[in-house]
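Scroll down for the structure; my scribbles are underneath it.
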There are 2 protein chains.
Amino acid sequence: MSTAGRGLHGQVLDTLGPAITAGDYPPGSVLRTDELAQRFDVSRSVMREAVRVLESMHLVESRRRVGVTVRPRAEWNVYDPQVIRWRLAGADRPHQLRSLTVLRSAIEPIAAGLAARNATSEQCAELTRNALGMVANSRGHKLAEYLVHDVAFHRVVLTASGNEMFARLGDVVAEVLTGRTEHEVMFEDPDPAAVTLHVQVAEAVREGDWRRAEDLTREITVGALQELDILAP
Amino acid sequence: MSTAGRGLHGQVLDTLGPAITAGDYPPGSVLRTDELAQRFDVSRSVMREAVRVLESMHLVESRRRVGVTVRPRAEWNVYDPQVIRWRLAGADRPHQLRSLTVLRSAIEPIAAGLAARNATSEQCAELTRNALGMVANSRGHKLAEYLVHDVAFHRVVLTASGNEMFARLGDVVAEVLTGRTEHEVMFEDPDPAAVTLHVQVAEAVREGDWRRAEDLTREITVGALQELDILAP
DNA sequence: GTGACATATAAGTCTGACTTTTTGTTCCTG
DNA sequence: CAGGAACAAAAAGTCAGACTTATATGTCAC
C-alpha cells in the first residue's frame with residue numbers, strides 16, 4: 001500500500017522510517033551509515049540513498065564526522081504522506097489521529113465553501129452519487145462499501161475546492177477515515193445524522209450555497225472530533 | 001537560506017528542483033540518470049541520491065528500463081517546505097502565493113482559537129511583545145523590523161495552538177509574509193487596521209476568549225486575501 | 001493478430017579506494 | 001592556568017568501474 005518495495009532502499013525505509021517516527025531512536029540519537037548498512041545487509045550506496053530520503057523528510061540530519069542524528073519531532077515534515085503513514089502505523093497513532101482530525105476541521109469547511117463556488121457539474125454529480133452511496137450502505141454492517149463512498153465524497157470536495165493544497169489532503173483524509181473503520185472501534189452502523197449531513201452538503205454545493213456547504217461540513221468535522229473524544233477522552 | 005549546499009547532491013537539487021517545479025520538464029518528461037550526472041558533472045552515486053530525494057517529494061518517478069519520469073503536478077508533495085520554496089521562487093509564484101494564503105485563511109483562525117485555550121503565559125507574553133513590536137514599527141518605512149515581529153507573531157500563534165500540524169505551517173507563513181514585503185509591492189506602511197487586529201488577537205488569546213481570537217484572526221486572513229486580489233486581480 | 005521468446009536498455013547494486021570536513025585532543029606558549 | 005595552534009582520528013562524502021535485474025520493445029512462429 002505504501003511506497004513499498006521500490007528498490008532495496010525502499011525496503012530499508014519501510015523498517016527504519018517507522019522505527020524513527022515511533023521514537024525507537026529518540027531525538028539526538030546518532031546513527032552511523034556503515035553500521036546501518038551492515039545491520040540491514042545492504043551496500044553503503046543503498047543506505048546513503050535511504051538516509052537522503054529520511055533527510056529530505058527532516059527526520060534526520062547527516063553531518064560529517066558525527067553521523068546521522070535524529071532530529072526533534074517538531075522539525076519533522078509531518079505533512080509528508082509517508083511520514084503520516086508511518087506514524088499512523090506506530091505507537092502515537094491516537095495522537096496523530098487527533099492532530100489530523102483537527103486539521104480536517106479547519107480545512108474541510110473552507111474547502112466545501114470553495115467547492116460550492118467552483119465545482120463543475122460532473123463533480124456535483126459525483127458528490128451526490130457518493131452521498132447516495134453512503135445512504136444505501138448506512139445500514140446492515142456494510143461498512144466497507146460505506147467507507148468507499150465516504151472517502152470518495154471528501155476527496156471530491158477537496159479537489160473541487162480548486163485549491164491544490166486542499167486537494168493534496170485527500171490522501172490524508174482517506175487515511176484517517178480508513179483507519180477509523182479498520183483500527184478504531186466502529187462496530188455500529190454510521191451515525192444517521194452524519195449521513196444526512198453529507199447528502200445536504202452535496203445539495204448545498206450543487207446549489208452554490210457556499211455558506212451552507214461550509215456550515216454543514218463544519219458540523220460533520222465537529223462530529224468527527226466528538227467521536228474521537230468519546231473513543232479516547 | 002534553503003537546504004543549500006548540503007553536499008554535492010544538494011547543489012544538484014538547487015538547480016534541478018526549481019527547474020522541475022517551474023515546468024521546464026513537463027509532466028511525462030523522461031530524464032536519464034547517466035545523462036544528468038554528466039550534465040551536472042557529478043558521479044552517478046550523487047545523482048542517484050538527488051533523484052531519490054526528488055522521488056520522495058513525488059516530483060519524479062524512477063522506473064527501470066524507462067528512466068526518471070516527471071510526475072503530474074497533482075501528485076507533488078506541495079506541503080514539502082523545499083518544494084514550496086522552489087515554487088515560490090519560480091514562475092507560478094502568484095498562483096502558489098494564492099494557494100498558501102487561502103490555506104492560511106483556513107488554518108490560522110482555528111489555530112488562534114486553540115491558542116486562546118492552550119497558550120502558556122510565556123506564549124501570551126511573546127504574543128503581546130510582538131504585537132507591540134508591530135505597532136512600534138508600523139510607521140516610517142521600518143518594514144524590515146515590522147516583518148520580523150509579524151512573522152514571530154503568527155509563528156507563536158501556530159505553535160501555541162498545541163497542534164503539531166498547525167505548528168509546522170510556521171515556516172510556510174513566514175515564507176508568505178516575507179515574500180509579500182520582498183517581492184510584492186509593499187512600499188506603503190502596513191494597514192493600521194491590520195496592526196490593531198494583531199494587538200486585539202493577543203488580548204483575546206491572553207483572556208482565553210477563543211471565539212474572539214478566532215474571529216479577529218479570520219479578519220486578518222481575509223484582509224490578506226483581499227490584499228492579494230488587489231495586487232493580482 | 002496473438003503469443004512466446006529474445007534483446008537491448010537503463011536503473012539498481014556492490015565494492016574498494018580516495019577526499020574532505022569536523023571534532024577532540026595534545027601540546028606549546030603566554 | 002588559560003588560550004590557542006597544530007595534529008590526528010573518525011565518519012560522511014565522492015568517485016569509478018563492474019556487475020545484476022527488471023522490463024519495454026521488437027521478432028518470429030503459429
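A note on names: the letters A, B, ... follow the listed sequences, proteins ahead of strands, and every chain is numbered from 1.
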How are the rings of A/Phe153 and A/His198 set relative to one another: parallel (under 30°), tilted (30 to 60°) or perpendicular (over 60°)?
-> perpendicular
Does a side-chain N or O from B/Thr33 land closer than 4.0 Å to OP1 or OP2 of C/dA11, or not?
-> yes
Quick one: which of C/dT13, D/dA16, D/dA12 gets closest to the side chain of B/Ser43?
-> D/dA16
Report, as yes or no, whether the 6.0 Å neighbourhood of atom CD on B/Gln38 holds more than 12 heavy atoms from other residues, nucleotides or ligands.
-> no
Describe the nucleic acid contact of A/Arg63 in one word from base, sugar-phosphate, nothing, applying a heavy-atom distance below 4.0 Å.
-> sugar-phosphate
Tell me: CD of A/Glu35 to C1' of D/dA10, nearest whole Å?
-> 14 Å
Quickly work out the A/Leu8 CG to C/dT15 P distance and round it to whole Å.
-> 12 Å
Among C/dT15, D/dG13, D/dA11, the one nearest A/Arg32 by side-chain distance = D/dA11
Candidate nucleotides C/dG16, C/dC14, D/dC15, ranked by approach to the side chain of A/Val46 - the nearest | C/dC14
Main-chain N/O of B/Ala160 paired to B/Asn118 side chain as donor or acceptor, under 3.5 Å | no
Taking only N and O in the side chain of B/Arg64, is any of them less than 4.0 Å away from OP1 or OP2 of D/dA24?
-> no
Rounded to the Å, how far apart are B/Arg6 CZ and C/dT21 C1'?
-> 11 Å
Nearest-angstrom distance from the residue atom CZ of A/Arg44 to P of C/dT15 | 9 Å
Nearest-angstrom distance from the residue atom CZ of B/Arg48 to C1' of C/dA10 | 10 Å
A/Glu61 CD to C/dT22 C1', straight-line distance once rounded to whole Å | 14 Å
Return no unless some side-chain N or O of B/Arg65 is found under 4.0 Å from OP1 or OP2 of C/dT7.
-> no
Round to a whole Å and report the spacing from CD of A/Glu49 to P of D/dA12.
-> 16 Å
Most 5' of A/Val66 and B/Val51 on DNA chain C, judged by nearest nucleotide = B/Val51
Got a donor-acceptor contact below 3.5 angstrom from the A/Arg93 side chain to the A/Leu88 backbone?
-> yes
Selection from D/dA16, C/dT13, D/dT14 that lies nearest to any side-chain heavy atom of B/Arg52 = C/dT13
Of the nucleotides C/dG16, D/dG13, D/dA16, which has the atom closest to the A/Ser62 side chain?
-> D/dG13
May I ask you to check whether A/Thr217 and A/Glu108 show a side-chain donor-acceptor distance below 3.5 Å?
-> no
